[in-house]
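Heads up: the structure comes next, in structure tokens.
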Amino acid sequence: QVQLVESGGGLVRAGGSLRLSCSASGRTFSYSGMGWFRQAPGKEREFVATINWIGSSTFYADSVKGRFTISRDNAKNTVYLQMSSLKPEDTAVYYCASARSSGSHLQTYDYVSWGQGTQVTVSS
């Protein structure tokens with residue numbers, strides 16, 4: 001399995017930007033689809049973005065489309081989430097996850113490994 005560690009979260013004002021990183025260990029990272037999810041207090045974990053193993057296919061939640069960009073560097077075993085034009089409603093714990101296959105996936109049940117999460121707080 002892949003072990004995942006997120007970083008890059010923090011406190012930012014509305015309209016600002018942050019870049020989250022997810023560092024992976026394990027031989028299968030380069031062949032795994034990856035995803036970012038988030039969970040706000042009192043809410044269920046929700047899909048944010050996903051990318052396939054080679055980075056040729058990406059999908060985004062409607063709420064972040066045009067503002068967030070997912071990317072990966074397989075040479076560095078890292079996946080990124082560039083977040084721009086942040087809004088207070090983006091406040092959540094952000095998790096990266098590794099899929100059981102090489103494609104891009106929108107559902108939590110398609111993922112087998114999860115990081116511990118990183119807090120993103122957007123102030124108004």
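As the structure is a prediction and not an experimental result, all values here were calculated from the model.
Atom CG of N52 and atom OG of S101 lie 9.5 Å apart (nearest 0.5 Å). Within the model, atoms NZ of K65 and CZ of F59 stand 9.5 Å from one another, a figure rounded to the nearest 0.5 Å. The NE2 atom of H105 sits 11.5 Å away from atom CE of M34, with the distance rounded to the nearest 0.5 Å. Rounding to the nearest 0.5 Å places OH of Y111 at 10.5 Å from OG of S32. Between atom OH of residue Y31 and atom OG of residue S98 there is a gap of 13.5 Å, rounded to the nearest 0.5 Å. Note that the NZ atom of K87 and the OG atom of S124 stand 14.0 Å from one another [nearest 0.5 Å].
Shown here are the side-chain contact (heavy atoms from CB on, under 4.5 Å) partners of V122, two or more places apart in sequence or in another chain: V12, A14, L86, P88, D90, T91, V120.
Tracing side-chain contacts under 4.5 Å through hydrophobic residues (I, L, V, M, F, W, Y), one reaches V64 starting from Y94; they form part of the same cluster. Tracing side-chain contacts under 4.5 Å through hydrophobic residues (I, L, V, M, F, W, Y), one never reaches V2 starting from Y80; they form parts of separate clusters. In the hydrophobic clustering of this structure, F37 does not group with L18; members are Ile, Leu, Val, Met, Phe, Trp, Tyr whose side-chain heavy atoms approach within less than 4.5 Å, directly or through other members.
Not a single donor-acceptor pair under 3.5 Å links the side chain of T50 to the backbone N or O of L106. Listed for the R67 side chain is a donor-acceptor partner under 3.5 Å among the backbone atoms of S85. The main-chain N or O of Q116 is found under 3.5 Å from a side-chain atom of E6 such that the two form a donor-acceptor pair. Not one N or O on the side chain of S102 forms a donor-acceptor pair closer than 3.5 Å with the backbone of W53.
The side-chain heavy atoms of W36 and M83, taken from C-beta on, include no pair separated by under 4.5 Å. With a 4.5 Å cut-off on side-chain heavy atoms, K76 and S21 do not count as touching. Contact annotation: the side chain of F47 never approaches that of T108 to less than 4.5 Å [non-hydrogen atoms, C-beta and beyond].
Contact detail for I51 and S71: the closest heavy-atom pair is CD1-CA, 3.7 Å. Between E46 and R38 the shortest heavy-atom distance is OE2-NE, 2.6 Å. Nearest heavy-atom pair, Y60 versus A49, reported as atom, atom and distance to 0.1 Å: CD2-CB, 3.6 Å. In plain terms, the two heavy atoms of N77 and S30 that are nearest each other are OD1-OG, 4.2 Å. Listed here is the closest heavy atom pair of Q119 and A92: NE2-O, 3.4 Å. Of all heavy-atom pairs spanning F29 and A24, the tightest one is CD1-CB, 3.3 Å.
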**Prompt:** After noting the C-alpha distance and the side-chain angles of L4 and Y95, does the key distance pass the side chain to side chain contact (heavy atoms under 4.5 Å, CB included) rule?
**Reply:** CA-CA 9 Å; L4 305 169; Y95 300 89; over 6 Å; no
